[in-house]
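Here the structure comes first, spelled out in C-alpha cells, and everything after it is commentary.
Both counts, for ligands and for their atoms, begin at 1 and track the order of listing. Both backbone and side-chain heavy atoms feed into the values below; hydrogens, waters and symmetry mates do not.
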Amino acid sequence: PAETNSTTGGRSGALTPGPSVGGDVQKIDVNPPKGTRDFPPEDMRLRNWLFNHFKEVSWLYGFEEVDYPVLESEALFTRKAGEEIKDQLYCFEDRGNRRVALRPELTPSLARLVIQKGKSVSLPIKWFTVGQCWRYERMTRGRRREHYQWNMDIIGVPGVMAEAELISSVVTLFKRIGITESDVGFKVSSRKVLQEVLNCYSVPEYLFGKVCVIIDKIEKIPVDEIKKELKAVGLSQEAVQKLLQVLSVKSLAELEERLGSSGEALADLKQLFSLAEKTGFSKWLQFDASVVRGLAYYTGIVFEGFDREGKLRAICGGGRYDHLFSTFGADDIAACGFGFGDAVIVELLKEKGLLPELNLHIDNIVCALDEDLQGCAAMVANILREKGHSVELVLESKPLKWVFKRAARVNAERLVLVGNSEWQRGVVGVKILSTAEQYEVKLEDLK
Ligand SMILES: Nc1ccc(Br)nc1
C-alpha cells in the first residue's frame with residue numbers, strides 16, 4: 001500500500017467540498033502531494049515531542065543549531081558514485097534556468113556553510129539540524145518522498161573521540177525515549193578496512209566511493225550482481241573475492257588476523273570500542289565488517305542503528321567523511337556526523353508500545369454568560385495569559401452545554417464563567433472540571 005502517514009496511518013479521504021461558486025471552480029485534491037505528509041495536531045504533537053528530544057540531546061552535548069535552505073544548487077549532490085541518493089534527486093531547473101534540488105541530505109549543506117564561514121568559525125565545529133529531506137522516487141514503490149532528519153556533525157576532530165561522542169549522543173536519545181540496548185544496537189565498522197584491501201590490489205583512490213556504494217547493496221541485491229558491478233568498475237577477480245571475504249569477518253581479532261596489526265582501521269575500531277567501554281555504552285555496539293553505508297563520501301568509522309528484532313530499516317546512520325570538503329574545491333577538514341530519520345524510530349516506538357500519550361491541554365476555558373460581557377471575558381483571558389496560563393476564550397455566545405463539551409474537547413482544567421451579577425461584585429465563577437469544585441474569585445486574585 002502507498003506509504004501512509006507515519007503516525008496516524010492511512011491517507012485521509014478527500015472531502016467533497018460544497019457546491020463550487022460560479023460552477024467553474026475545480027475541486028482540489030485535499031490530500032498532500034504523493035509521498036508527502038500533513039501533520040495534523042495529534043501528529044504534530046508526536047513530531048514536536050520527538051524533535052524536542054533531538055534538540056535537547058544536541059544541547060546536552062554542546063552542539064549549536066543551524067539550518068539551511070531546503071532548496072540547494074544541484075551541484076552539491078551530483079557525486080558520480082552511483083548512489084541511490086543521486087538517482088532519486090528531486091531536482092529541476094528554476095525560472096532563472098538554474099539547476100536546483102530539494103536537498104536529499106543535510107551534510108553537503110553543512111559543508112557548504114562551513115566553507116563559506118571559513119576561518120570565522122573556531123574549531124571544533126559542533127552543529128546540529130532537524131531538517132526535511134527529499135527524494136523523487138517513482139511512486140511504483142509507494143514510498144515517502146520526504147522525511148525529517150536529525151543531524152549532528154563534528155568538524156575539525158580527526159580522532160575517534162568524535163565518533164564516540166556522536167554515538168553516545170544517539171544512545172542518550174534512545175534512553176530518553178525508553179529504547180534500551182536490548183531493543184536496538186549499533187553495527188560499527190570502518191571503511192579503512194576496505195581501503196586497506198583495495199590498496200593491496202592497487203585499486204586507484206578515485207574508485208573508493210563507487211566500490212563502497214556497490215558493497216553497501218550487499219544485502220539488497222544478489223552477490224553475483226555485486227561481483228559483476230565491482231568487476232565493471234575495474235576490480236580484479238581476486239580483489240573482489242578478498243573484499244567479499246573481509247566483509248564476513250566476525251571480530252576485531254579475526255580482522256587483525258586478516259589485515260595485520262598495524263592498520264589504521266583496526267586501531268580506530270579498537271580505540272572506539274575502548275572509549276565505549278569507558279563511557280558505558282559498549283553494550284550498544286557490535287563490530288560488523290559488512291557495514292559500509294550507502295554514501296560515497298564516508299572514509300573511516302561508519303555506524304548504523306538497527307532494531308535487534310530485524311523488522312525495520314536502519315534507524316540512523318553516520319560516520320567519518322574526511323574528504324568531502326575537497327570535493328567542493330576547499331581544503332579538506334576532518335569531519336564526522338550522523339543522520340537520524342523521523343519515520344523508522346516512530347515505527348520502532350509503536351512496535352515497543354512506547355509511543356507517548358500526548359493530549360492537548362489547556363489551563364482555562366473562559367466564557368461570557370451574556371453577549372454584552374464578551375469584552376470582560378476577553379479581559380479575564382488576558383489577565384490569565386499574562387500570568388502564563390493558557391486560555392481557550394469562547395469567542396461566540398454559546399449555550400453552556402456547548403461550553404462544557406468544548407472544555408472536554410480541549411482538555412481544559414478550569415472553567416471561568418463571567419456573569420453579570422458576579423461581574424458587578426468584581427468576581428468571576430471558577431469550576432475545577434475534574435472535581436466539579438466551584439467557587440468565586442476576585443479579578444485581582446485570579447491566578
Ligand atoms: N534521502 C532521503 C530523502 C527522503 C527520504 Br523519505 N528518504 C531518503
Side-chain angles (χ1 to χ4, degrees), residues 1-11 31-39 43-44 46-47 50-51 54 67-92 99-112 128-153 170 209 212-213 216-217 219-220 291-298 302-307 312-319 321 324 327 337-350:
E3 195 87 4
T4 57
N5 188 306
S6 64
T7 42
T8 53
R11 293 181 64 78
N31 288 302
K34 280 190 182 312
T36 70
R37 298 164 293 172
D38 294 315
F39 284 87
D43 293 346
M44 199 63 202
L46 178 62
R47 175 174 135 179
L50 179 62
F51 289 13
F54 289 160
D67 198 8
Y68 326 94
V70 176
L71 186 74
E72 285 277 13
S73 163
E74 185 186 43
L76 256 63
F77 312 108
T78 50
R79 304 184 290 264
K80 292 171 179 51
E83 295 159 286
E84 184 181 71
I85 206 166
K86 162 89 165 49
D87 299 341
Q88 297 176 344
L89 198 57
Y90 209 132
C91 54
F92 55 96
R99 290 298 306 168
V100 290
L102 297 180
R103 65 191 178 199
E105 55 167 329
L106 296 162
T107 308
S109 300
L110 174 140
R112 176 179 61 71
F128 82 91
T129 311
V130 181
Q132 191 173 37
C133 296
W134 293 81
R135 66 183 172 194
Y136 189 87
E137 190 179 55
R138 300 267 164 255
M139 281 317 276
T140 43
R141 289 175 63 177
R143 295 199 303 173
R144 278 180 297 102
R145 286 186 173 151
E146 55 77 23
H147 72 170
Y148 285 81
Q149 255 198 33
W150 169 42
N151 277 217
M152 290 177 83
D153 290 84
V170 181
C212 291
V213 169
D216 178 62
K217 298 184 281 190
E219 288 169 9
K220 299 158 197 159
V291 172
V292 277
R293 299 297 294 162
L295 294 170
Y297 48 69
Y298 287 131
V302 283
F303 57 89
E304 71 186 32
F306 70 101
D307 80 291
L312 305 173
R313 306 180 305 285
I315 301 163
C316 58
Y321 53 96
L324 177 62
T327 66
F338 69 79
F340 191 122
D342 72 326
V344 177
I345 187 63
V346 170
E347 291 170 43
L348 179 67
L349 290 170
K350 276 182 191 163

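- The shortest distance between side-chain heavy atoms of Glu74 and Leu89 falls below 4.5 Å.
- The atoms of ligand 1 that sit less than 4.0 Å from any heavy atom of Pro104 are 1 (N), 2 (C), 3 (C).
- For the pair Ile315/Phe340, a side-chain contact is recorded, criterion being any heavy-atom separation below 4.5 Å from C-beta on.
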(request) Decide ring-ring contact (aromatic ring centres under 6.0 Å, His included) for Trp150 and Phe338; before the verdict, give the C-alpha distance in whole Å, the side-chain angles of both, and the deciding distance to 0.1 Å. (result) CA-CA 8 Å; Trp150 169 42; Phe338 69 79; 5.0 Å; yes
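- Which parts of ligand 1 touch Arg144 is read off a 4.0 Å heavy-atom cut-off, strictly below it: atoms 6 (Br).
- Near Cys133, meaning under 4.0 Å from any of its heavy atoms, are these atoms of ligand 1: 3 (C), 4 (C).
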(request) Just do the side-chain contact (heavy atoms from CB on, under 4.5 Å) check on His147 and Arg37 with the steps written out, would you? (result) CA-CA 9 Å; His147 72 170; Arg37 298 164 293 172; 4.2 Å; yes
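- Of the possible donor and acceptor atoms, none in the side chain of Arg103 sits under 3.5 Å from a partner among the backbone N and O of Pro108.
- Of the N or O atoms in Ile85, none lie within a sub-3.5 Å distance of an N or O in ligand 1.
- Atoms of ligand 1 lying under 4.0 Å from at least one heavy atom of Glu146, given by number and element, are 6 (Br).
- Between Arg145 and Glu137 there is no salt bridge, since no side-chain nitrogen of the basic residue lies less than 4.0 Å from a carboxylate oxygen of the acidic one.
- For atom 7 (N) of ligand 1, the nearest non-hydrogen atom of the protein is Arg135 NH1, 3.4 Å.
- Ligand 1 lies out of reach of Glu105, whose nearest heavy atom is not under 4.0 Å from it.
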